[in-house]
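Notes for the one structure printed next.
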Amino acid sequence: MPDHTTPTPRALRLGVCGPVGTGKSSLIALLCRELAATLELGVVTNDIYTDEDARFLRSAGVLDADRIRAVETGACPHTAIRDDITANLMAVEELEADYAPLDVVLIESGGDNLTATFSPALVDVQVFVLDIAGGGDVARKGGPGIERADLLVVNKTDLAPYVGVDRDRMVADASAARSGRPVVALSRTDRGSVVELTTWMLAQLERHRAGALVPADPGPMAPHAHAHPHDHLHDHVHA
Amino acid sequence: MTPSPDLLLMLLADARLPVAGHTQSAGLEPAVRDGLAAAHVPAYLRARLRTVTAVEAGVAVVARAHLLDGRPLAPVEAAWAARTPSAAMRRTSRGQAKALLRLAGRLWPDAPAVRAVLDTDAPSRPVALGAVAAACGLGAAELARLVGYDDVQTVAAAALKLLPLDPATSTGWVHDVLPDVEALARTVRDLDSPAAVPASGLPQIEAWAETHAVSARRLFSA
Ligand SMILES: Nc1nc2c(ncn2[C@@H]2O[C@H](COP(=O)(O)OP(=O)(O)OP(=O)(O)O)[C@@H](O)[C@H]2O)c(=O)[nH]1
Ligand SMILES: [Mg+2]
(Lines give C-alpha, C1' and ligand atoms only; values in the text may rest on other atoms or scores of the structure.)
(Ligands and ions follow the chains in the order given, each with its own letter.)
Protein backbone atom coordinates (compact mmCIF):
# COMPACT_ATOMS: atom_id res chain seq x y z
CA MET A 1 0.00 0.00 0.00
CA PRO A 2 1.17 3.54 -0.65
CA ASP A 3 2.60 5.27 2.36
CA HIS A 4 0.24 8.19 2.86
CA THR A 5 2.19 9.50 5.83
CA THR A 6 4.87 10.90 3.51
CA PRO A 7 3.26 13.83 1.72
CA THR A 8 4.09 13.84 -2.00
CA PRO A 9 4.64 17.22 -3.59
CA ARG A 10 2.24 16.61 -6.46
CA ALA A 11 0.38 14.04 -8.54
CA LEU A 12 2.10 11.55 -10.78
CA ARG A 13 1.92 12.94 -14.33
CA LEU A 14 1.37 10.13 -16.80
CA GLY A 15 1.56 10.87 -20.54
CA VAL A 16 -0.28 8.82 -23.16
CA CYS A 17 0.89 9.35 -26.73
CA GLY A 18 0.87 7.55 -30.06
CA PRO A 19 -0.55 7.92 -33.55
CA VAL A 20 -4.13 8.95 -34.31
CA GLY A 21 -6.81 6.44 -33.42
CA THR A 22 -4.61 3.90 -31.67
CA GLY A 23 -6.79 4.05 -28.55
CA LYS A 24 -5.27 6.71 -26.30
CA SER A 25 -8.60 8.12 -25.11
CA SER A 26 -9.97 4.62 -24.65
CA LEU A 27 -6.94 3.63 -22.57
CA ILE A 28 -7.38 6.71 -20.38
CA ALA A 29 -11.09 5.93 -20.00
CA LEU A 30 -10.14 2.39 -19.05
CA LEU A 31 -7.66 3.54 -16.39
CA CYS A 32 -10.26 5.94 -14.99
CA ARG A 33 -12.90 3.22 -14.91
CA GLU A 34 -10.54 0.85 -13.13
CA LEU A 35 -8.95 3.26 -10.69
CA ALA A 36 -11.25 6.24 -10.05
CA ALA A 37 -12.76 4.51 -7.02
CA THR A 38 -9.40 4.23 -5.28
CA LEU A 39 -7.37 7.14 -6.68
CA GLU A 40 -7.98 10.85 -7.19
CA LEU A 41 -7.56 11.35 -10.94
CA GLY A 42 -7.49 14.23 -13.42
CA VAL A 43 -7.15 14.27 -17.20
CA VAL A 44 -5.72 16.79 -19.66
CA THR A 45 -6.34 16.28 -23.38
CA ASN A 46 -4.54 17.85 -26.36
CA ASP A 47 -6.59 17.16 -29.42
CA ILE A 48 -6.01 18.87 -32.74
CA TYR A 49 -9.59 20.03 -32.55
CA THR A 50 -9.57 21.04 -28.95
CA ASP A 51 -12.25 19.16 -27.22
CA GLU A 52 -12.99 15.96 -29.13
CA ASP A 53 -11.04 13.82 -26.68
CA ALA A 54 -12.31 15.71 -23.68
CA ARG A 55 -15.89 15.27 -24.86
CA PHE A 56 -15.37 11.58 -25.51
CA LEU A 57 -13.97 11.12 -22.02
CA ARG A 58 -16.65 13.22 -20.36
CA SER A 59 -19.33 11.26 -22.18
CA ALA A 60 -17.73 8.01 -21.05
CA GLY A 61 -18.83 9.09 -17.59
CA VAL A 62 -15.76 7.67 -15.92
CA LEU A 63 -14.74 10.88 -14.20
CA ASP A 64 -16.39 14.11 -13.07
CA ALA A 65 -16.53 16.27 -16.24
CA ASP A 66 -14.63 19.15 -14.64
CA ARG A 67 -11.67 16.87 -13.95
CA ILE A 68 -11.17 16.54 -17.70
CA ARG A 69 -9.58 19.64 -19.22
CA ALA A 70 -8.79 20.31 -22.87
CA VAL A 71 -5.75 22.25 -24.04
CA GLU A 72 -5.70 23.92 -27.46
CA THR A 73 -2.56 23.28 -29.48
CA GLY A 74 -3.03 25.67 -32.40
CA ALA A 75 -2.60 22.68 -34.73
CA CYS A 76 0.81 22.06 -33.14
CA PRO A 77 0.27 18.92 -30.99
CA HIS A 78 3.97 18.11 -31.09
CA THR A 79 4.98 21.58 -29.83
CA ALA A 80 2.46 21.44 -27.01
CA ILE A 81 3.93 18.30 -25.46
CA ARG A 82 7.56 18.86 -26.24
CA ASP A 83 8.99 22.30 -27.09
CA ASP A 84 6.56 24.67 -25.42
CA ILE A 85 4.75 22.73 -22.73
CA THR A 86 3.47 25.89 -21.02
CA ALA A 87 -0.23 25.42 -21.84
CA ASN A 88 -0.16 21.82 -20.64
CA LEU A 89 1.74 22.61 -17.45
CA MET A 90 -0.76 25.35 -16.64
CA ALA A 91 -3.69 23.00 -17.17
CA VAL A 92 -2.08 20.27 -15.04
CA GLU A 93 -1.25 22.69 -12.24
CA GLU A 94 -4.77 24.12 -12.29
CA LEU A 95 -6.27 20.65 -12.03
CA GLU A 96 -3.92 19.79 -9.19
CA ALA A 97 -4.84 23.00 -7.40
CA ASP A 98 -8.60 22.59 -7.94
CA TYR A 99 -8.70 18.98 -6.74
CA ALA A 100 -5.76 18.79 -4.35
CA PRO A 101 -4.46 16.30 -3.56
CA LEU A 102 -4.66 14.39 -6.83
CA ASP A 103 -2.87 11.07 -7.17
CA VAL A 104 -2.49 10.93 -10.93
CA VAL A 105 -2.96 13.35 -13.82
CA LEU A 106 -3.27 11.58 -17.17
CA ILE A 107 -2.25 13.64 -20.19
CA GLU A 108 -3.34 12.57 -23.67
CA SER A 109 -1.25 13.94 -26.52
CA GLY A 110 -2.89 14.96 -29.76
CA GLY A 111 -2.67 12.04 -32.17
CA ASP A 112 0.55 12.68 -34.04
CA ASN A 113 3.16 10.60 -35.79
CA LEU A 114 5.66 8.03 -34.54
CA THR A 115 8.21 10.67 -33.50
CA ALA A 116 6.04 12.57 -31.03
CA THR A 117 6.82 11.95 -27.37
CA PHE A 118 6.41 13.98 -24.20
CA SER A 119 9.06 16.19 -22.68
CA PRO A 120 10.18 14.82 -19.31
CA ALA A 121 9.53 18.33 -18.02
CA LEU A 122 5.81 17.69 -18.56
CA VAL A 123 5.31 14.03 -17.60
CA ASP A 124 6.99 11.74 -15.11
CA VAL A 125 6.29 8.65 -17.12
CA GLN A 126 4.83 7.94 -20.55
CA VAL A 127 2.96 5.27 -22.46
CA PHE A 128 3.18 4.94 -26.23
CA VAL A 129 0.13 3.32 -27.81
CA LEU A 130 0.12 1.36 -31.10
CA ASP A 131 -2.86 -0.22 -32.84
CA ILE A 132 -2.39 -3.85 -33.77
CA ALA A 133 -4.59 -3.20 -36.80
CA GLY A 134 -2.01 -0.65 -37.97
CA GLY A 135 0.08 -3.64 -39.00
CA GLY A 136 2.62 -5.98 -37.46
CA ASP A 137 5.52 -4.03 -39.00
CA VAL A 138 4.98 -0.83 -37.06
CA ALA A 139 6.70 -2.12 -33.93
CA ARG A 140 9.79 -3.01 -35.96
CA LYS A 141 9.94 0.49 -37.47
CA GLY A 142 10.95 1.84 -34.10
CA GLY A 143 11.23 5.52 -33.22
CA PRO A 144 11.63 7.16 -29.85
CA GLY A 145 8.18 6.29 -28.49
CA ILE A 146 8.18 2.67 -29.59
CA GLU A 147 11.75 2.08 -28.47
CA ARG A 148 12.02 4.11 -25.31
CA ALA A 149 8.66 5.17 -23.89
CA ASP A 150 8.34 3.80 -20.35
CA LEU A 151 5.61 1.46 -21.54
CA LEU A 152 4.58 0.37 -25.03
CA VAL A 153 0.99 -0.73 -25.43
CA VAL A 154 0.10 -2.84 -28.46
CA ASN A 155 -3.61 -2.15 -28.39
CA LYS A 156 -6.79 -3.77 -29.73
CA THR A 157 -5.29 -7.27 -29.77
CA ASP A 158 -8.83 -8.63 -30.14
CA LEU A 159 -8.61 -7.40 -33.75
CA ALA A 160 -5.45 -9.37 -34.58
CA PRO A 161 -7.20 -12.34 -36.23
CA TYR A 162 -9.25 -10.02 -38.46
CA VAL A 163 -6.29 -8.06 -39.76
CA GLY A 164 -3.90 -10.97 -40.21
CA VAL A 165 -1.42 -9.84 -37.58
CA ASP A 166 0.39 -12.33 -35.35
CA ARG A 167 0.01 -10.81 -31.91
CA ASP A 168 2.83 -12.69 -30.23
CA ARG A 169 5.17 -11.94 -33.10
CA MET A 170 4.38 -8.21 -32.92
CA VAL A 171 4.96 -8.16 -29.17
CA ALA A 172 8.25 -10.03 -29.60
CA ASP A 173 9.37 -7.54 -32.27
CA ALA A 174 8.39 -4.65 -30.02
CA SER A 175 10.24 -6.13 -27.04
CA ALA A 176 13.33 -6.59 -29.18
CA ALA A 177 13.14 -2.97 -30.43
CA ARG A 178 12.84 -1.88 -26.79
CA SER A 179 15.82 -3.72 -25.37
CA GLY A 180 13.50 -5.41 -22.92
CA ARG A 181 11.50 -2.40 -21.73
CA PRO A 182 7.92 -3.38 -20.88
CA VAL A 183 5.24 -4.07 -23.47
CA VAL A 184 1.57 -4.74 -22.75
CA ALA A 185 -0.57 -6.43 -25.40
CA LEU A 186 -3.87 -4.80 -24.51
CA SER A 187 -7.47 -5.31 -25.39
CA ARG A 188 -10.36 -3.89 -23.46
CA THR A 189 -11.98 -7.28 -23.86
CA ASP A 190 -9.02 -9.11 -22.32
CA ARG A 191 -9.28 -8.79 -18.55
CA GLY A 192 -5.78 -10.10 -17.91
CA SER A 193 -4.23 -7.41 -20.10
CA VAL A 194 -6.22 -4.69 -18.34
CA VAL A 195 -4.88 -5.89 -14.99
CA GLU A 196 -1.34 -5.85 -16.42
CA LEU A 197 -1.82 -2.23 -17.44
CA THR A 198 -3.22 -1.07 -14.10
CA THR A 199 -0.52 -3.02 -12.24
CA TRP A 200 2.14 -1.23 -14.24
CA MET A 201 0.54 2.16 -13.56
CA LEU A 202 0.25 1.52 -9.84
CA ALA A 203 3.90 0.49 -9.75
CA GLN A 204 4.84 3.82 -11.35
CA LEU A 205 2.77 5.64 -8.75
CA GLU A 206 4.63 3.78 -6.00
CA ARG A 207 7.96 4.73 -7.53
CA HIS A 208 6.84 8.36 -7.84
CA ARG A 209 5.74 8.47 -4.22
CA ALA A 210 8.99 6.91 -3.12
CA GLY A 211 10.87 9.57 -5.05
CA ALA A 212 12.43 6.84 -7.19
CA LEU A 213 10.89 7.84 -10.50
CA VAL A 214 13.24 9.91 -12.65
CA PRO A 215 11.48 11.10 -15.83
CA ALA A 216 13.36 9.85 -18.89
CA ASP A 217 13.19 11.37 -22.35
CA PRO A 218 12.46 8.81 -25.06
CA GLY A 219 14.28 11.38 -27.14
CA PRO A 220 14.07 12.56 -30.70
CA MET A 221 15.25 10.06 -33.29
CA ALA A 222 18.44 9.00 -31.55
CA PRO A 223 21.25 6.61 -32.30
CA HIS A 224 20.37 3.08 -31.38
CA ALA A 225 21.17 2.17 -27.80
CA HIS A 226 22.05 -1.31 -26.62
CA ALA A 227 22.06 -2.67 -23.09
CA HIS A 228 20.22 -0.81 -20.36
CA PRO A 229 22.11 -0.97 -17.14
CA HIS A 230 19.50 0.91 -15.11
CA ASP A 231 16.49 -0.28 -13.21
CA HIS A 232 14.10 -0.59 -16.12
CA LEU A 233 15.01 -4.24 -16.24
CA HIS A 234 13.34 -4.75 -12.91
CA ASP A 235 9.87 -3.67 -13.86
CA HIS A 236 9.06 -5.73 -16.88
CA VAL A 237 5.47 -6.46 -17.49
CA HIS A 238 5.29 -9.89 -18.99
CA ALA A 239 2.91 -10.03 -21.86
CA MET B 1 26.68 43.95 -18.65
CA THR B 2 22.97 44.17 -19.37
CA PRO B 3 21.90 43.03 -22.84
CA SER B 4 20.96 45.70 -25.35
CA PRO B 5 17.27 46.62 -25.69
CA ASP B 6 17.47 45.31 -29.26
CA LEU B 7 18.42 41.85 -28.10
CA LEU B 8 15.84 41.83 -25.33
CA LEU B 9 13.19 42.85 -27.81
CA MET B 10 14.23 40.01 -30.13
CA LEU B 11 14.03 37.55 -27.27
CA LEU B 12 10.56 38.71 -26.24
CA ALA B 13 9.18 38.96 -29.78
CA ASP B 14 10.47 35.53 -30.81
CA ALA B 15 7.74 32.99 -31.50
CA ARG B 16 10.00 30.44 -29.80
CA LEU B 17 9.53 32.18 -26.45
CA PRO B 18 7.81 29.47 -24.40
CA VAL B 19 4.60 31.26 -23.51
CA ALA B 20 2.16 29.05 -25.41
CA GLY B 21 2.03 31.49 -28.33
CA HIS B 22 1.15 28.60 -30.64
CA THR B 23 -2.24 28.33 -28.93
CA GLN B 24 -3.27 31.89 -29.94
CA SER B 25 -4.77 33.30 -33.14
CA ALA B 26 -5.51 36.84 -31.87
CA GLY B 27 -9.16 36.33 -32.70
CA LEU B 28 -8.53 35.22 -36.27
CA GLU B 29 -10.03 31.73 -35.96
CA PRO B 30 -13.61 32.82 -35.17
CA ALA B 31 -13.26 35.64 -37.71
CA VAL B 32 -12.35 33.13 -40.44
CA ARG B 33 -15.19 30.86 -39.37
CA ASP B 34 -17.51 33.80 -39.80
CA GLY B 35 -16.30 34.39 -43.35
CA LEU B 36 -13.20 36.57 -43.07
CA ALA B 37 -11.01 35.75 -46.08
CA ALA B 38 -7.29 36.09 -46.68
CA ALA B 39 -7.81 39.34 -48.54
CA HIS B 40 -9.35 40.88 -45.41
CA VAL B 41 -6.51 40.01 -43.09
CA PRO B 42 -4.48 43.23 -43.60
CA ALA B 43 -7.57 45.26 -42.71
CA TYR B 44 -8.12 43.00 -39.71
CA LEU B 45 -4.54 43.66 -38.56
CA ARG B 46 -4.98 47.43 -38.86
CA ALA B 47 -8.34 47.35 -37.11
CA ARG B 48 -6.80 45.51 -34.16
CA LEU B 49 -3.84 47.88 -33.96
CA ARG B 50 -6.20 50.85 -33.68
CA THR B 51 -8.51 49.28 -31.13
CA VAL B 52 -7.95 46.25 -28.90
CA THR B 53 -4.19 46.26 -29.43
CA ALA B 54 -4.01 49.99 -28.66
CA VAL B 55 -5.67 49.23 -25.32
CA GLU B 56 -3.21 46.44 -24.64
CA ALA B 57 -0.17 48.54 -25.57
CA GLY B 58 -1.43 51.51 -23.57
CA VAL B 59 -2.04 49.41 -20.48
CA ALA B 60 1.39 47.80 -20.79
CA VAL B 61 3.10 51.18 -20.95
CA VAL B 62 1.16 52.54 -17.97
CA ALA B 63 1.76 49.34 -15.97
CA ARG B 64 5.50 49.65 -16.63
CA ALA B 65 5.46 53.27 -15.42
CA HIS B 66 3.50 52.36 -12.29
CA LEU B 67 5.83 49.48 -11.48
CA LEU B 68 8.95 51.58 -11.96
CA ASP B 69 7.60 54.25 -9.55
CA GLY B 70 6.09 51.80 -7.08
CA ARG B 71 2.57 53.09 -7.79
CA PRO B 72 -0.35 50.66 -7.28
CA LEU B 73 -1.43 48.30 -10.07
CA ALA B 74 -5.10 48.03 -9.17
CA PRO B 75 -6.12 51.18 -11.09
CA VAL B 76 -4.18 49.93 -14.12
CA GLU B 77 -5.96 46.57 -14.01
CA ALA B 78 -9.27 48.35 -13.58
CA ALA B 79 -8.60 50.56 -16.61
CA TRP B 80 -7.75 47.46 -18.66
CA ALA B 81 -10.84 45.56 -17.53
CA ALA B 82 -13.11 48.54 -18.22
CA ARG B 83 -11.72 48.72 -21.77
CA THR B 84 -12.00 44.96 -22.33
CA PRO B 85 -15.74 44.30 -22.14
CA SER B 86 -15.53 40.73 -23.42
CA ALA B 87 -15.19 38.27 -20.55
CA ALA B 88 -13.66 35.76 -22.95
CA MET B 89 -10.96 38.24 -23.94
CA ARG B 90 -10.24 39.02 -20.30
CA ARG B 91 -9.91 35.31 -19.57
CA THR B 92 -7.56 34.84 -22.51
CA SER B 93 -5.43 37.77 -21.45
CA ARG B 94 -5.14 36.45 -17.89
CA GLY B 95 -4.15 33.02 -19.19
CA GLN B 96 -1.47 34.57 -21.37
CA ALA B 97 -0.24 36.58 -18.39
CA LYS B 98 0.08 33.41 -16.38
CA ALA B 99 2.17 31.79 -19.10
CA LEU B 100 4.39 34.86 -19.39
CA LEU B 101 4.84 35.21 -15.64
CA ARG B 102 5.79 31.56 -15.35
CA LEU B 103 8.72 32.40 -17.62
CA ALA B 104 9.44 35.84 -16.14
CA GLY B 105 9.62 34.35 -12.64
CA ARG B 106 12.42 32.13 -13.92
CA LEU B 107 14.31 34.73 -15.96
CA TRP B 108 14.02 37.66 -13.51
CA PRO B 109 13.18 35.99 -10.19
CA ASP B 110 14.35 38.92 -8.08
CA ALA B 111 12.95 41.79 -10.12
CA PRO B 112 10.57 43.77 -7.88
CA ALA B 113 8.22 44.43 -10.82
CA VAL B 114 7.86 40.72 -11.56
CA ARG B 115 7.41 39.90 -7.87
CA ALA B 116 4.78 42.63 -7.53
CA VAL B 117 2.72 41.26 -10.43
CA LEU B 118 3.17 37.64 -9.31
CA ASP B 119 1.65 38.74 -6.00
CA THR B 120 -1.52 40.11 -7.60
CA ASP B 121 -4.58 38.01 -8.30
CA ALA B 122 -5.06 37.08 -11.99
CA PRO B 123 -3.16 39.93 -13.65
CA SER B 124 -3.78 40.78 -17.30
CA ARG B 125 -1.26 40.16 -20.06
CA PRO B 126 -0.40 43.86 -20.61
CA VAL B 127 0.32 44.30 -16.91
CA ALA B 128 2.56 41.22 -16.99
CA LEU B 129 4.30 42.63 -20.07
CA GLY B 130 4.77 45.93 -18.24
CA ALA B 131 6.46 43.99 -15.45
CA VAL B 132 8.76 42.21 -17.87
CA ALA B 133 9.73 45.54 -19.46
CA ALA B 134 10.41 47.05 -16.05
CA ALA B 135 12.42 43.99 -15.02
CA CYS B 136 14.68 43.87 -18.04
CA GLY B 137 15.05 47.59 -18.69
CA LEU B 138 12.96 47.80 -21.83
CA GLY B 139 11.71 51.32 -22.66
CA ALA B 140 8.07 52.34 -23.10
CA ALA B 141 8.31 52.71 -26.88
CA GLU B 142 9.99 49.31 -27.26
CA LEU B 143 7.31 47.75 -25.09
CA ALA B 144 4.54 49.28 -27.18
CA ARG B 145 6.23 48.06 -30.39
CA LEU B 146 6.49 44.60 -28.88
CA VAL B 147 2.75 44.50 -28.12
CA GLY B 148 1.84 45.68 -31.62
CA TYR B 149 4.30 43.44 -33.41
CA ASP B 150 3.36 40.36 -31.43
CA ASP B 151 -0.31 40.88 -32.19
CA VAL B 152 0.38 41.19 -35.91
CA GLN B 153 2.63 38.13 -36.01
CA THR B 154 0.13 36.09 -34.00
CA VAL B 155 -2.54 36.78 -36.61
CA ALA B 156 -0.15 36.12 -39.50
CA ALA B 157 1.07 32.81 -38.06
CA ALA B 158 -2.49 31.66 -37.36
CA ALA B 159 -3.47 32.66 -40.91
CA LEU B 160 -0.99 30.07 -42.20
CA LYS B 161 -2.92 27.39 -40.34
CA LEU B 162 -6.43 28.68 -41.07
CA LEU B 163 -6.19 29.98 -44.64
CA PRO B 164 -4.19 28.44 -47.45
CA LEU B 165 -1.32 30.85 -47.99
CA ASP B 166 2.17 31.34 -49.27
CA PRO B 167 4.04 32.37 -46.11
CA ALA B 168 5.72 35.15 -48.08
CA THR B 169 2.27 36.70 -48.46
CA SER B 170 1.53 36.75 -44.76
CA THR B 171 5.03 38.01 -43.99
CA GLY B 172 4.35 40.78 -46.52
CA TRP B 173 1.25 41.75 -44.53
CA VAL B 174 3.35 41.97 -41.39
CA HIS B 175 5.96 44.07 -43.15
CA ASP B 176 3.35 46.40 -44.58
CA VAL B 177 1.73 47.17 -41.23
CA LEU B 178 5.01 47.93 -39.45
CA PRO B 179 4.36 51.68 -39.92
CA ASP B 180 1.02 51.18 -38.18
CA VAL B 181 2.82 49.45 -35.31
CA GLU B 182 5.18 52.40 -35.11
CA ALA B 183 2.24 54.82 -35.12
CA LEU B 184 0.67 52.85 -32.27
CA ALA B 185 3.92 53.07 -30.30
CA ARG B 186 4.02 56.84 -30.80
CA THR B 187 0.44 57.15 -29.56
CA VAL B 188 0.96 55.30 -26.29
CA ARG B 189 4.66 55.60 -25.41
CA ASP B 190 4.25 58.63 -23.14
CA LEU B 191 1.11 57.50 -21.32
CA ASP B 192 1.45 57.58 -17.59
CA SER B 193 -1.99 57.31 -16.02
CA PRO B 194 -4.66 54.62 -16.40
CA ALA B 195 -7.27 57.20 -17.40
CA ALA B 196 -5.17 58.14 -20.44
CA VAL B 197 -5.25 54.64 -21.96
CA PRO B 198 -7.27 54.68 -25.20
CA ALA B 199 -10.79 53.35 -24.71
CA SER B 200 -11.09 51.77 -28.11
CA GLY B 201 -13.06 48.55 -28.28
CA LEU B 202 -14.08 46.69 -31.40
CA PRO B 203 -17.46 45.06 -30.84
CA GLN B 204 -17.16 42.62 -33.75
CA ILE B 205 -13.87 41.23 -32.42
CA GLU B 206 -15.38 41.05 -28.95
CA ALA B 207 -18.43 39.19 -30.26
CA TRP B 208 -16.21 36.75 -32.15
CA ALA B 209 -14.17 36.14 -29.01
CA GLU B 210 -17.34 35.29 -27.10
CA THR B 211 -18.54 32.92 -29.82
CA HIS B 212 -15.17 31.21 -30.00
CA ALA B 213 -15.03 30.60 -26.27
CA VAL B 214 -18.11 28.38 -26.47
CA SER B 215 -17.48 26.76 -29.84
CA ALA B 216 -16.43 23.14 -30.24
CA ARG B 217 -13.56 21.96 -32.42
CA ARG B 218 -11.27 24.93 -31.91
CA LEU B 219 -7.70 24.82 -33.17
CA PHE B 220 -6.70 27.88 -31.17
CA SER B 221 -7.46 28.84 -27.63
CA ALA B 222 -8.48 32.36 -28.75
N1 LIG C 1 -11.50 -3.58 -31.01
C2 LIG C 1 -11.00 -2.67 -30.17
N3 LIG C 1 -11.18 -1.37 -30.44
C4 LIG C 1 -10.67 -0.46 -29.59
C5 LIG C 1 -9.95 -0.85 -28.43
N6 LIG C 1 -9.54 0.30 -27.79
C7 LIG C 1 -10.01 1.33 -28.54
N8 LIG C 1 -10.68 0.89 -29.61
C9 LIG C 1 -11.37 1.69 -30.65
O10 LIG C 1 -10.43 2.42 -31.41
C11 LIG C 1 -10.98 3.64 -31.87
C12 LIG C 1 -10.06 4.79 -31.54
O13 LIG C 1 -9.97 4.88 -30.12
P14 LIG C 1 -9.61 6.24 -29.38
O15 LIG C 1 -9.46 5.90 -27.96
O16 LIG C 1 -10.55 7.32 -29.75
O17 LIG C 1 -8.19 6.54 -30.04
P18 LIG C 1 -7.24 7.81 -29.80
O19 LIG C 1 -5.86 7.32 -29.90
O20 LIG C 1 -7.63 8.52 -28.59
O21 LIG C 1 -7.60 8.68 -31.08
P22 LIG C 1 -7.17 10.22 -31.37
O23 LIG C 1 -7.33 10.96 -30.08
O24 LIG C 1 -8.12 10.64 -32.42
O25 LIG C 1 -5.76 10.17 -31.84
C26 LIG C 1 -12.34 3.75 -31.22
O27 LIG C 1 -13.32 3.35 -32.15
C28 LIG C 1 -12.25 2.76 -30.06
O29 LIG C 1 -13.50 2.24 -29.68
C30 LIG C 1 -9.78 -2.24 -28.16
O31 LIG C 1 -9.18 -2.68 -27.18
N32 LIG C 1 -10.32 -3.10 -29.08
MG1 LIG D 1 -8.15 10.53 -28.36
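Numbers restart at 1 for each chain; the letters A, B, ... are given by sequence-line order, proteins then strands. Predicted model, so just to flag it, every value in this text is computed and none were measured. Keep in mind that the numbers below use all heavy atoms, side chains included, and drop hydrogens, waters and symmetry copies.
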| field | Full working for side-chain contact (heavy atoms from CB on, under 4.5 Å) between B:H22 and A:H78 | value | CA-CA 11 Å; B:H22 64 282; A:H78 204 147; over 6 Å; no

| request: Indicate yes or no for a side-chain donor-acceptor contact from A:T86 to the backbone of B:P18 under 3.5 Å, with no hydrogens or angles considered. | output: yes

| task | Report yes or no: does A:D84 contribute a side-chain atom to a donor-acceptor pair with the main-chain N or O of B:V19 at less than 3.5 Å? | result | yes

| field | Contact origin within B:K161 toward chain A - heavy atom pairs under 4.5 Å | value | side chain

| query | Considering only heavy atoms, which portion of B:L17 lies under 4.5 Å from any heavy atom of chain A: side chain, backbone, both, or neither? | reply | backbone

| Atom CZ in B:R102, atom CD in A:E93: separation rounded to 0.5 Å? | 4.0 Å

| How long is the span from the CE atom in A:M90 to the NZ atom in B:K98, to the nearest 0.5 Å? | 5.5 Å

| task | Sort A:L89 into side chain, backbone, both or neither according to what part of it lies under 4.5 angstrom from a heavy atom of chain B. | result | both

| said: Taking OH in B:Y44 as the centre, count heavy atoms belonging to other residues, nucleotides or ligands within less than 6.0 Å. Is the count above 12? | reply: yes

